Amino acid sequence: MPHEDRIKELLGRMTTREKLGQLQQLSWAWDTGPGASAGTAQAETAAREGLLGSVLNVFGAASGNALQRIAVEESRLGIPLVFGLDVIHGYWTTFPIPLAQAAAFDPAVAEADGATSAREARSNGVHWTFSPMIDVTREPRWGRIAESFGEDPYLTARYAAAKICGYEGHDLGSPDRIAACAKHFAAYGGAEGGRDYNTVDVSEQRLRNTYLPPFQAAADAGVATFMASFNTVSGVPAHGNAHLLTGILKQQWDFGGVVVSDWAGVHELLVHGYAADAADAGRLALTSGVDMEMVSTSLAEHGEELLSAGHITQQRLDDAVARVLRLKFRLGLFDRPYVDEGAAVAAPTASARSAAREAAARCMVLLKNDAAALPLDLKASTIAVIGPFADSGDLLGAWVLPDAQRRFPSGTVVEALQAAAPQARIRHARGVEAEGDARDGIAEAVAAARAADAVVVVVGEPPALSGEAATRSGLGLPGAQEELIAAVAATGKPFTVVLVAGRPLTIGGWLDSAAAVVMAWHPGIEAGRAIADVLTGAVNPGGKLPVTFPRSAGQVPVYYNRENTGRPYDPAQPDVKYVSKYVDLADGPQFPFGHGLSYTTFATGEPQLSRDRIAASALRAGATVDVTVAVRNTGSRAGDEVVQLYVHDLVASIVQPVRRLRGFHRITLARGESTVVRFTLAAADLGFWTNDPTGEFVVEPGAVDVYAGTSSSAEGRSRLMIT
Ligand code: GLC
């Protein structure tokens, strides 16, 4: 019998309380915040009474099966539970953080993470991950930038589709696939001050041109679920925002899956000052489009009275239940509710580790490399490896499963360099801790640097300073790490800095003193070996920045796809007073979006257009413009380049960004090799959303400059006239 018939048949047999139970998700292992569950006991009781739809944070196949057996074999209707877990960048095999993955400018990296994570998680009883997080953000102060794919809507959209494909494949019923969740809907990355959970106030056009494209890509990719975000959107909390959850997501995008609340997000409608009490919160959330309530119990407790009083409709209730049941049918849980405990993946496999190592190396960005300081000369007899992260296994990243953190820490840089250069003598000196003011180890670090032929300093921020609820007001290196760098610099020895972090950092204070800088992010389980691969040249770095590096936290937000303003700063006239600039800071970012060097060099030609004019009507009818860019490897060794395509609509009814990424290709060229990279520009690339709340996308006549190059500062330009 097709799912829809089985859903109808079940709905016909369910009581109102059982229907409301399907909309309840409780936590199993973690209890925090208002309306928190009482852990296992509450979940087991609700499951036995058939009043529970889902549980999150169930760890292990045996625990999942035990809880599932109660729901399936002891409740009246035997409806299986769906188990959710935050598998953000790995289950056992921790991949680089999502922000790092975006730096690869290669969505296949995210798909590999998704597929590996799905295989490991599903075998351990997880059906549903609360990932990918696809919040565009320009806020490096926000700890959750680590979970994001950075500041660009187009790049994030491509990664969203790839990650969902990795998790879900083509059949959610497969034993190696899990349901994905597009989160946090929406505009969470725009929180004022970069402070978690804070206010977001955006115009409709900025919402639709900046924050929504990745979510529409997720819906188009068939993502099974969405998660509402904690923040308000222009005064209305997302958990009670019918314009977002129903108007846009379920009506305009025709989304048929499940919208789950964030942790106690329904209850928080009271705290926002949007709901009068718990019953009102349940009413507002369900009516606006939330289908399942995570951890708080507003609907389970008040749904019956709301329904009998006519404050929620039978139709909406049945629609929400149908969505939940549909997810369970698609996952195959009615036919196969239990997982084979003997087949549970218990540890990272060699191939999974290899994929994580390759991914981590592809994510690294060579920010600076003066006088070809890198790759290291492995014939160097002594290599000093200095800094608090040189011998650290704490490089996995912001959101890692507790057991994975404990059992499978990242390999260290010291170990990996020693393995890569067995003939060299590795002198390790921590110098300082990752945090705190202790400086007594600096002398030893300086001595190690003086005695070495090559010097590597591994510094950054610990994962504990990254991720949710980890907003930083400053973006410098924590503790005394900058003093450590200064002391090493004072030796006069050339040195390389490897930065590990979950966000862009302000590095201008010491950047000039370092010969080379590699941004390694938090690279995951294979951190040490991947960093060594890049430092030794086994891998030629080809990553690019998916987020702007500011000069100062005071400069934030600073991003490439900005408006020109009426008084832009002109570097050719630096002394002009009345322009948009800081009087106490050089203009522009430390490093722009899309920046990244290589151990070789490339030459890219001007973008060649297949036509220099096209009618707006033709574009709207599906016509396209092809763009080709010639690229040559002009250096001494093979390497990767990311050719990027940007547009700038010079005159429009809504001011357009000075650059908008509309394409990228990561290519590998041998020494001296040339190629031609091809892009296609369609209406979706050249138009934009207006402020019309019903969703109006327009393509307007006028000149559009098309840029191609190797960062958002690309100069190669051709002009397209839309008539
Ligand atoms: C957290 C996060 C969300 C996560 C959920 C369940 O507060 O906001 O991203 O999926 O709770 O852990």
Side-chain angles (χ1 to χ4, degrees), residues 140-141 143 367-370 373-374 376 382-395 412-414 417 426-466 470-522 527-528 531 535 549-556 584-586 589-591:
R141 293 174 292 182
L367 296 177
K368 176 183 182 186
N369 192 25
D370 288 353
L374 288 178
L376 293 176
T382 305
I383 303 175
V385 190
I386 291 165
F389 295 98
D391 66 336
S392 169
D394 185 17
L395 301 176
T412 73
V413 178
V414 169
L417 273 179
I426 304 289
R427 280 196 60 163
H428 166 244
R430 191 174 273 235
V432 296
E433 295 307 319
E435 295 177 85
D437 295 335
R439 290 166 171 73
D440 49 7
I442 289 182
E444 182 198 3
V446 168
R450 288 191 195 285
D453 304 295
V455 182
V456 177
V457 183
V458 189
V459 290
E461 69 174 5
L465 274 188
S466 177
T471 295
R472 293 181 62 197
S473 65
L475 296 171
L477 288 172
Q481 297 182 73
E482 296 190 5
E483 284 84 341
L484 173 66
I485 292 175
V488 170
T491 67
K493 280 283 180 74
F495 64 96
T496 289
V497 171
V498 175
L499 268 180
V500 292
R503 69 179 89 219
L505 299 175
T506 47
I507 61 178
W510 50 263
L511 180 61
D512 292 343
S513 64
V517 181
V518 175
M519 182 65 192
W521 314 99
H522 285 137
I531 290 170
L535 292 177
F549 268 51
R551 295 177 187 278
S552 141
Q555 196 179 27
V556 171
D584 57 352
L585 189 70
Q590 190 73 59
F591 291 109

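Predicted model, so just to flag it, every value in this text is computed and none were measured.
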Derivation and outcome, side chain to side chain contact (heavy atoms under 4.5 Å, CB included), residues Leu395 and Phe389: CA-CA 8 Å; Leu395 301 176; Phe389 295 98; 3.7 Å; yes
Test log, rule side chain to side chain contact (heavy atoms under 4.5 Å, CB included), inputs Val413 and Val498: CA-CA 10 Å; Val413 178; Val498 175; 5.7 Å; no
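Glu433 places no side-chain N or O within 3.5 Å of a backbone atom of Ala438 that could act as its donor or acceptor partner. The backbone N or O of Thr382 lies less than 3.5 Å from a partner atom in the side chain of Asp453, making a donor-acceptor pair. A donor-acceptor pair under 3.5 Å is absent between the side-chain atoms of Gln481 and the main chain of Gly387, judged by distance alone. Using a distance-only test at 3.5 Å, with no hydrogens or angles considered, no donor-acceptor pair links the side chain of Arg503 to the main chain of Ala501. Without hydrogens or angle criteria, Lys368 side chain to Val517 main chain gives no donor-acceptor distance under 3.5 Å. Between the side chain of His522 and the backbone N or O of Glu461 there is at least one donor-acceptor pair closer than 3.5 Å.
The CD1 atom of Ile426 sits 5.0 Å away from the CG atom of Leu417 when rounded to the nearest 0.5 Å. Note that OG1 of Thr412 is 6.5 Å distant from CG of Asp391, once rounded to the nearest 0.5 Å. Taken from CG in Asp370 to CG in Asp512, the straight-line distance is 9.0 Å, to the nearest 0.5 Å.
Scanning both residues, Ala390 and His428, for their nearest heavy atoms gives CB-CD2, 3.7 Å. Taking each heavy atom of Ala586 and Gln555 in turn, the nearest pair found is O-NE2, 4.2 Å. A pairwise comparison of heavy atoms in Ala429 and Ala445 identifies CB-CA, 3.6 Å as the closest pair. For the residue pair Ala373 and Ala516, the shortest heavy atom distance occurs at CB-CB, 4.1 Å. Heavy-atom minimum distance, Ile386 versus Ala449: CD1-CB, 4.0 Å.
Side-chain contact between Val455 and Thr496 is absent, with no heavy-atom pair separated by less than 4.5 Å. Side-chain contact between Glu483 and Ile442 is present, with at least one heavy-atom pair separated by less than 4.5 Å. Considering only heavy atoms from C-beta on, Pro504 stays 4.5 Å or farther from Leu475 through its side chain. In this structure, the side chains of Gln590 and Arg551 come closer than 4.5 Å at one or more pairs of heavy atoms. Residues Ile507 and Leu499 are in side-chain contact: their nearest non-hydrogen atoms beyond the backbone lie under 4.5 Å apart. Annotation: side chain of Met519 is not in contact with side chain of Val500 (no heavy-atom distance under 4.5 Å). The side-chain heavy atoms of Phe495 and Ile485, taken from C-beta on, include a pair separated by under 4.5 Å. The closest side-chain heavy-atom distance from Leu484 to Trp510 is not below 4.5 Å.
Considering Val488, Leu376, Val414 in turn, Leu376 is the only one that fulfils the side chain to side chain contact (heavy atoms under 4.5 Å, CB included) rule with Val456.
At a threshold of 4.0 Å, the pair Arg430-Glu444 does not count as salt-bridged, since none of the basic side-chain nitrogens sits closer than that to a carboxylate oxygen.
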